[in-house]
Amino acid sequence: MKLKEIYQYLDKLSPFELQEKWDNSGLLVGNLEDEIKKVYISIDLDEEILKDIEENSLIITHHPLIFSALKRVNFDTYSTKLLKILIQKNIALISMHTNIDKTHLNSYVAKDILGLDVIHSEEFICYAEVNDSFSNFANNIAEKLGLKYLKYVKCSEKVKKVALVTGAGMSLIGEVKADCFITGDIKYHDAMEAKARGISLIDIRHYESEKHFSVLLSALIEEYLKKNELKAIITASKNPFKFCIQGETVE
């Protein structure tokens with residue numbers, strides 16, 4: 001199957017033109033005329049994954065391997081080391097990042113993973129009615145994501161309306177119209193800003209909130225690939241972070 005056929009299907013599913021200006025989704029490595037023998041899906045790439053991927057394959061990731069222009073390729077950075085392997089093995093790379101965040105991923109995590117009653121979405125931001133105590137709601141979120149500890153900012157005892165953005169969404173705090181915001185990669189000054197606005201925060205981390213991309217995309221393209229005698233193989237890049245509490249490593 002030619003790469004351009006898969007690319008066109010993905011573009012109809014979640015148009016690449018919807019990506020943010022700073023993003024770099026789309027075909028990053030490969031030629032549209034390439035023949036694809038296998039399809040792999042992962043949130044990210046790492047060397048361990050690429051060792052197991054067969055030649056003449058396509059890998060679809062959530063996060064782009066390349067964000068900004070490369071001025072040199074010395075094979076000593078994250079992106080260039082992996083580019084070398086991709087090229088050597090003739091592996092094509094397509095990334096679906098902010099485009100699929102807007103069309104599918106945020107609502108999927110809100111509804112299917114967290115079980116929230118989503119009332120509407122505004123580009124990245126999904127809104128849901130909650131009407132629960134903050135402590136009970138936060139504990140439920142942690143349980144559903146398998147988080148053994150939770151970082152949060154509590155501005156009120158109750159949660160009535162929640163906003164959710166997977167990955168790192170604190171740049172959108174000015175647009176949030178809810179009393180609780182769920183997102184990842186929350187920094188100290190982000191917490192101070194939210195507290196000043198009276199918006200509670202629950203940090204669901206970056207990797208943990210977006211790792212569901214693989215299962216989601218696999219389900220979305222399963223039938224199409226099956227018609228073309230292909231199957232999506234889900235691969236799992238590892239979270240680079242480890243966490244410990246009093247010397248004991250936790251997830």
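All figures in this text were calculated on a predicted structure; none of them were measured in a lab.
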Trainee: How would you list, by chain and number, every residue that makes a side chain to side chain contact (heavy atoms under 4.5 Å, CB included) with Ser135, sequence neighbours excluded?
Mentor: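 So Ser135 forms a side chain to side chain contact (heavy atoms under 4.5 Å, CB included) with Ser133.
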Trainee: For His189, I'd like to know if atom NE2 has over 12 heavy atoms of other residues, nucleotides or ligands within 6.0 Å.
Mentor: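 Counting other residues, nucleotides and ligands, NE2 of His189 stays at 12 neighbours or fewer.
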Trainee: Scan His62, His97, His63, His104 and name whichever one has a ring-ring contact (aromatic ring centres under 6.0 Å, His included) with Phe213.
Mentor: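 The passing option is His62.
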Trainee: Which distance, rounded to the nearest 0.5 Å, do you find between the CD1 of Ile85 and the OG1 of Thr80?
Mentor: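 Rounded to the nearest 0.5 Å, the CD1-OG1 separation comes out at 10.0 Å.
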Trainee: Apply ring pair (Phe, Tyr, Trp, His ring centres under 6.0 Å) to Tyr108 and list each qualifying residue two or more places apart in sequence or on a separate chain.
Mentor: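 By the ring pair (Phe, Tyr, Trp, His ring centres under 6.0 Å) rule, Tyr108 matches no residue at all.
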Trainee: Nearest 0.5 angstrom please: Asn90 CG to Glu55 CD, how far?
Mentor: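 Going from the CG atom of Asn90 to the CD atom of Glu55 covers 7.5 Å.
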Trainee: Counting heavy atoms not belonging to Glu35, are there more than 12 under 6.0 Å from its CD?
Mentor: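 Yes.
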Trainee: With Lys102, which of Gln19, Glu122, Glu20 fulfils side-chain hydrogen bond (donor to acceptor under 3.5 Å, both in side chains)?
Mentor: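 That would be Glu20; it is the only one of Gln19, Glu122, Glu20 passing the side-chain hydrogen bond (donor to acceptor under 3.5 Å, both in side chains) with Lys102.
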Trainee: According to ring pair (Phe, Tyr, Trp, His ring centres under 6.0 Å), who are the partners of His212, at least two apart in sequence or on a separate chain?
Mentor: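 His212 satisfies ring pair (Phe, Tyr, Trp, His ring centres under 6.0 Å) with no other residue.
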Trainee: Ignoring hydrogens, what is the shortest heavy-atom contact between Leu3 and Gly30? Give both atom names and the distance.
Mentor: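 Here Leu3 and Gly30 meet closest at CD2-C, 4.5 Å.
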Trainee: Do Asp203 and Arg205 come within less than 4.5 Å of each other through their side chains, counting heavy atoms only?
Mentor: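 SC-SC contact between Asp203 and Arg205 confirmed.
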Trainee: Determine, using the 4.5 Å side-chain heavy-atom cutoff (strictly less than), whether Val109 and Ile202 are members of one ILVMFWY cluster.
Mentor: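 Same cluster: Val109 reaches Ile202 through Ile, Leu, Val, Met, Phe, Trp or Tyr contacts under 4.5 Å.
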Trainee: Might you work through the salt bridge (charged side-chain N to carboxylate O under 4.0 Å, His left out) test for Lys161 and Glu129, ending with a clear yes or no?
Mentor: CA-CA 5 Å; Lys161 185 179 180 182; Glu129 298 287 356; 5.7 Å; no
Trainee: Is there side-chain contact between Ile221 and Leu217, with at least one heavy-atom pair below 4.5 Å?
Mentor: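 Yes, close enough: below the 4.5 Å cut-off.
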Trainee: For the pair Asp52 and Thr235, evaluate side-chain contact (heavy atoms from CB on, under 4.5 Å) and give the outcome as yes or no after the intermediate values.
Mentor: CA-CA 10 Å; Asp52 296 328; Thr235 58; over 6 Å; no
Trainee: Same cluster or not: are Ile234 and Ile43 linked, directly or through other Ile, Leu, Val, Met, Phe, Trp or Tyr residues, by side-chain heavy atoms under 4.5 angstrom apart?
Mentor: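 Not linked; separate clusters.
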Trainee: What about Leu93 and Ile91, same hydrophobic cluster or not, with Ile/Leu/Val/Met/Phe/Trp/Tyr joined at side-chain heavy-atom distances under 4.5 Å?
Mentor: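 Per the 4.5 Å side-chain linkage, Leu93 and Ile91 are co-clustered.
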Trainee: Which atom pairs, donor and acceptor, lie under 3.5 Å between side-chain atoms of residues 223-232 and protein residues at least two apart or in another chain?
Mentor:
residue : atom : partner : partner atom : Å
Tyr224  : OH   : Glu5    : O            : 3.2
Asn228  : ND2  : Tyr224  : O            : 2.9

Trainee: Check the orientation of Tyr7 and Phe16. Use parallel for under 30°, tilted for 30 to 60°, and perpendicular for over 60°.
Mentor: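 Rings of Tyr7 and Phe16: parallel, as their planes differ by under 30°.
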Trainee: With sequence neighbours left out, write down each residue that passes ring pair (Phe, Tyr, Trp, His ring centres under 6.0 Å) with Phe134, or none if nothing qualifies.
Mentor: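 Partners of Phe134 by the ring pair (Phe, Tyr, Trp, His ring centres under 6.0 Å) criterion, ordered by chain and then number, come out as Tyr152.
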Trainee: Is the ring centre of Phe241 less than 6.0 Å from the ring centre of Tyr207?
Mentor: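 No, they do not, as the ring centres are separated by 6.0 Å or more.
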Trainee: Do the non-hydrogen side-chain atoms of Ser79 and Leu70 ever get within less than 4.5 Å of each other?
Mentor: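 Yes. Closest side-chain heavy atoms under 4.5 Å.
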Trainee: Do you know the tightest heavy-atom contact between Gly167 and Thr183?
Mentor: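 Of all heavy-atom pairs spanning Gly167 and Thr183, the closest is O-OG1, 3.4 Å.
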Trainee: Members other than Leu172 in its cluster, when Ile, Leu, Val, Met, Phe, Trp, Tyr link by side-chain heavy atoms under 4.5 Å?
Mentor: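 Leu172 shares its hydrophobic cluster with Ile119, Phe124, Ile125, Tyr127, Val153, Val165, Met170, Ile173, Val176, Phe181, Ile186, Ile199, Leu201.
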Trainee: With distance as the sole test, does Ser121 use its side chain to make a donor-acceptor pair with the main-chain N or O of Glu123 at under 3.5 Å?
Mentor: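 Such a contact is absent between Ser121 side chain and Glu123 backbone.
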Trainee: If the condition is side chain to side chain contact (heavy atoms under 4.5 Å, CB included), which residues does Glu54 pass it with, not counting sequence neighbours?
Mentor: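 Only Lys38, Tyr40, Ser57 meet the side chain to side chain contact (heavy atoms under 4.5 Å, CB included) criterion with Glu54.
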Trainee: Give a yes or no on whether the backbone of Leu114 and the side-chain of Lys144 come within a donor-acceptor separation of less than 3.5 Å.
Mentor: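 Yes; at least one donor-acceptor contact below 3.5 Å.
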Trainee: Between the side chain of Asp117 and the main-chain N/O of Ala128, is any donor-acceptor distance below 3.5 Å?
Mentor: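 No; zero donor-acceptor contacts below 3.5 Å.
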Trainee: Do Val29 and Tyr78 land in one hydrophobic cluster if side-chain heavy atoms of ILVMFWY residues count as linked below 4.5 Å?
Mentor: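 Yes; Tyr78 is reachable from Val29 via cluster members.
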Trainee: Restricting to side chain to side chain contact (heavy atoms under 4.5 Å, CB included), what partner residues turn up for Tyr188, sequence neighbours left out?
Mentor: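 For Tyr188 the side chain to side chain contact (heavy atoms under 4.5 Å, CB included) partners, ignoring immediate neighbours, are Met192.
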Trainee: With rounding to the nearest 0.5 Å, note down the distance linking OG in Ser237 to CD1 in Ile49.
Mentor: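 It is 4.5 Å, given to the nearest 0.5 Å.
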Trainee: Would you find more than 12 non-hydrogen atoms of other residues, nucleotides or ligands less than 6.0 Å from Lys37 atom NZ?
Mentor: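 Atom NZ in Lys37 is not crowded, with 12 or fewer foreign heavy atoms closer than 6.0 Å.
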Trainee: If you compare all heavy atoms of Lys89 against all heavy atoms of Lys51, which two are closest, and at what distance to 0.1 Å?
Mentor: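 Nearest heavy atoms, Lys89 then Lys51: NZ-O, 3.4 Å.
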Trainee: What is the minimum heavy-atom distance between Cys155 and Ala194, and which atoms define it?
Mentor: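 What the structure gives for the nearest pair is SG-O, 4.3 Å.
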Trainee: Per the side-chain hydrogen bond (donor to acceptor under 3.5 Å, both in side chains) rule, which among Asp185, Thr166, Asn239 passes with His206?
Mentor: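 Option passing the side-chain hydrogen bond (donor to acceptor under 3.5 Å, both in side chains) with His206: Asp185.
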Trainee: Listed by chain and number, what are the side-chain hydrogen bond (donor to acceptor under 3.5 Å, both in side chains) partners of Asn31, not counting sequence neighbours?
Mentor: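 side-chain hydrogen bond (donor to acceptor under 3.5 Å, both in side chains) check on Asn31 returns nothing, list empty.
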Trainee: Using the test side chain to side chain contact (heavy atoms under 4.5 Å, CB included), find all partners of Ser156 that sit at least two apart in sequence or belong to another chain.
Mentor: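 Side chain to side chain contact (heavy atoms under 4.5 Å, CB included) list for Ser156, sorted by chain: Ser200.
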Trainee: Looking at residues at least two apart in the chain, or sitting in another chain, which of them share a side-chain hydrogen bond (donor to acceptor under 3.5 Å, both in side chains) with Ser95?
Mentor: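 Ser95: side-chain hydrogen bond (donor to acceptor under 3.5 Å, both in side chains) contacts with Thr61.
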Trainee: Quick one: pull up CG in Leu32 and CG in Leu27 and give me the separation to the nearest 0.5 Å.
Mentor: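 Reported to 0.5 Å precision, the distance equals 5.5 Å.
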Trainee: Linking I/L/V/M/F/W/Y whenever any side-chain heavy atoms sit under 4.5 Å apart, do Tyr9 and Leu105 land together?
Mentor: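 Tyr9 and Leu105: one cluster.
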Trainee: Roughly how far apart are Asp112 CG and Ser107 OG, rounded to 0.5 Å?
Mentor: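 The distance works out to 8.0 Å.
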Trainee: Between Asn24 and Leu28, what is the shortest heavy-atom contact and its length?
Mentor: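 Residues Asn24 and Leu28, closest heavy atoms: O-CD2, 3.2 Å.
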Trainee: At their closest point, which heavy atom of Ala163 faces which heavy atom of Ala178, and how far apart are they?
Mentor: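 Residues Ala163 and Ala178, closest heavy atoms: N-CB, 3.7 Å.
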Trainee: Measuring from Asp179:CG to Lys160:NZ, what's the distance to the nearest 0.5 Å?
Mentor: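 If we round to the nearest 0.5 Å, Asp179:CG and Lys160:NZ are 7.5 Å apart.
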Trainee: So, using side-chain hydrogen bond (donor to acceptor under 3.5 Å, both in side chains) as the criterion, who are the partners of Lys238 when residues are at least two apart?
Mentor: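 If we apply the side-chain hydrogen bond (donor to acceptor under 3.5 Å, both in side chains) test to Lys238, skipping adjacent residues, there are no hits.
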